[in-house]
Amino acid sequence: MALTAVAQLTHLLAVMTADAGHQGLAQTYFGTCLGLAHAAGDRLTCAIVLRAMSTQAANLGHIRQAADLATPAVGHAPPAHLRQSVRTC
């Protein structure tokens, strides 16, 4: 539980850093966050971080990398969360 909380806070830091225009530093934070979520066994946070990394890559014009990150994001998402996301989109 503690690692998940740290991963979620690191995700927030990564998003805020990207929003501030520091893309390279944000990538570092996203990588740290993904490692923490993986260590915690938190598939949902892993999926959220991979999605955020994919979005960042797409926004920077790196379409191939965005697609490469999106695929494991879907694979990490727990089935119930995936079904809920599809219904709300």
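Both backbone and side-chain heavy atoms feed into the values below; hydrogens, waters and symmetry mates do not. Computed from a predicted model, the values in this text were never measured in an experiment.
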- Pick one: which of Val49, Val6, Thr10 meets side-chain contact (heavy atoms from CB on, under 4.5 Å) with Thr32? Thr10
- Task: Provide the closest heavy-atom pair for Ala66 versus Ser54 in the form atom of the first, atom of the second, distance.
- Result: O-OG, 2.7 Å
Inter-residue atom distance [X].[atom1] - [Y].[atom2], 0.5 Å rounding:
{"X": "Thr45", "Y": "Leu3", "atom1": "OG1", "atom2": "CG", "value": "11.0 Å"}
{"X": "Met53", "Y": "His11", "atom1": "CE", "atom2": "NE2", "value": "10.0 Å"}
{"X": "Gln56", "Y": "Leu69", "atom1": "CD", "atom2": "CG", "value": "9.5 Å"}

- Are Phe30 and Val15 close enough that some pair of their side-chain heavy atoms sits under 4.5 Å apart? yes
- Taking the side chain as every heavy atom from C-beta outward, state whether Leu13 and Leu9 have any atom pair closer than 4.5 Å. no
Where the side chain of [X] meets the backbone of [Y], is there a donor-acceptor pair that is under 3.5 Å apart?
{"X": "Gln23", "Y": "Leu60", "value": "no"}
{"X": "Arg43", "Y": "Gly75", "value": "yes"}
{"X": "Thr17", "Y": "Ala26", "value": "no"}
{"X": "Gln65", "Y": "Ala57", "value": "no"}

